[in-house]
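Notes follow once the structure below has been shown.
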Amino acid sequence: VMHRSEKEIQTDIIVGEAVMALLNEGVAITQYALLQQLRTMAREEQDSVRKNALTLALTEVRDSISALNHASGEHPLPTMREATNRNTKH
């Protein structure tokens, strides 16, 4: 029997909500799209408890992606600042 903490459960719920939002928008579910959706949700969230849960979800997803990329030899995901700077330099 797996015993999961309330934080783990909330993180899973929030990631699920982010995935559902992407599906509803017809967006491909990619690592980058999921992170962007979670960032948008965190930025727009007014409830402090839920905002904290979103921050935890973002950290967990980012850490998971970084670990997967490291294991496969891929480059790590850019930080939000790096991604923003890359997108504005044309």
Side-chain angles (χ1 to χ4, degrees):
V1 175
M2 270 182 59
H3 296 285
R4 297 167 37 88
S5 73
E6 186 64 30
K7 284 183 182 180
E8 290 172 317
I9 293 167
Q10 284 300 316
T11 297
D12 288 348
I13 290 169
I14 285 172
V15 170
E17 289 174 6
V19 169
M20 291 302 298
L22 293 172
L23 289 171
N24 287 335
E25 294 172 17
V27 176
I29 308 299
T30 65
Q31 297 170 350
Y32 183 75
L34 179 58
L35 286 173
Q36 287 298 102
Q37 181 62 36
L38 287 167
R39 287 179 182 126
T40 298
M41 291 168 63
R43 190 172 46 249
E44 295 173 355
E45 184 59 55
Q46 299 298 313
D47 179 74
S48 63
V49 172
R50 196 164 151 77
K51 195 171 195 83
N52 287 338
L54 277 155
T55 300
L56 284 172
L58 259 167
T59 300
E60 184 173 307
V61 168
R62 188 168 171 79
D63 289 351
S64 294
I65 292 169
S66 292
L68 287 171
N69 287 345
H70 179 73
S72 67
E74 292 181 31
H75 296 292
L77 285 170
T79 63
M80 184 63 173
R81 176 173 290 144
E82 291 168 343
T84 302
N85 288 343
R86 184 178 306 141
N87 291 337
T88 57
K89 291 179 182 173
H90 290 170

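Each residue takes its place number in the sequence, starting with 1.
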> Is the shortest heavy-atom distance from the side chain of I13 to the side chain of Q10 under 4.5 Å?
Replying inline: yes
> Looking at residues at least two apart in the chain, or sitting in another chain, which of them share a side-chain contact (heavy atoms from CB on, under 4.5 Å) with D47?
Replying inline: E45, V49, R50
> Is there a side chain to side chain contact (heavy atoms under 4.5 Å, CB included) between I65 and R62 once you walk through the steps?
Replying inline: CA-CA 5 Å; I65 292 169; R62 188 168 171 79; 5.8 Å; no
> Which pair of heavy atoms, one from A57 and one from T11, lies closest together, and at what distance?
Replying inline: CA-CG2, 3.6 Å
>> According to side-chain contact (heavy atoms from CB on, under 4.5 Å), who are the partners of K7, at least two apart in sequence or on a separate chain?
In response: S5, L56
> Any chain of hydrophobic side-chain contacts (each under 4.5 Å) joining M20 to V61?
Replying inline: yes
> Looking at L58 and A42, what are the two nearest heavy atoms and their distance?
Replying inline: CD1-CB, 4.3 Å
> Residues in side chain to side chain donor-acceptor pair (under 3.5 Å) with T55, at least two apart?
Replying inline: none
>> Nearest 0.5 Å, please: how far is CG in L35 from OG1 in T40?
In response: 10.5 Å
> Do you know which of Q37, E44, R39, R43 makes side-chain contact (heavy atoms from CB on, under 4.5 Å) with M41?
Replying inline: Q37
> With a 4.5 Å heavy-atom cut-off, do V15 and E60 have their side chains touching?
Replying inline: no
>> On a heavy-atom basis, which atom in A28 and which in A33 lie closest, and how many Å separate them?
In response: O-CB, 3.5 Å
> Checking side-chain contact (heavy atoms from CB on, under 4.5 Å) against V19, which of I14, L34, V27 comes through?
Replying inline: L34
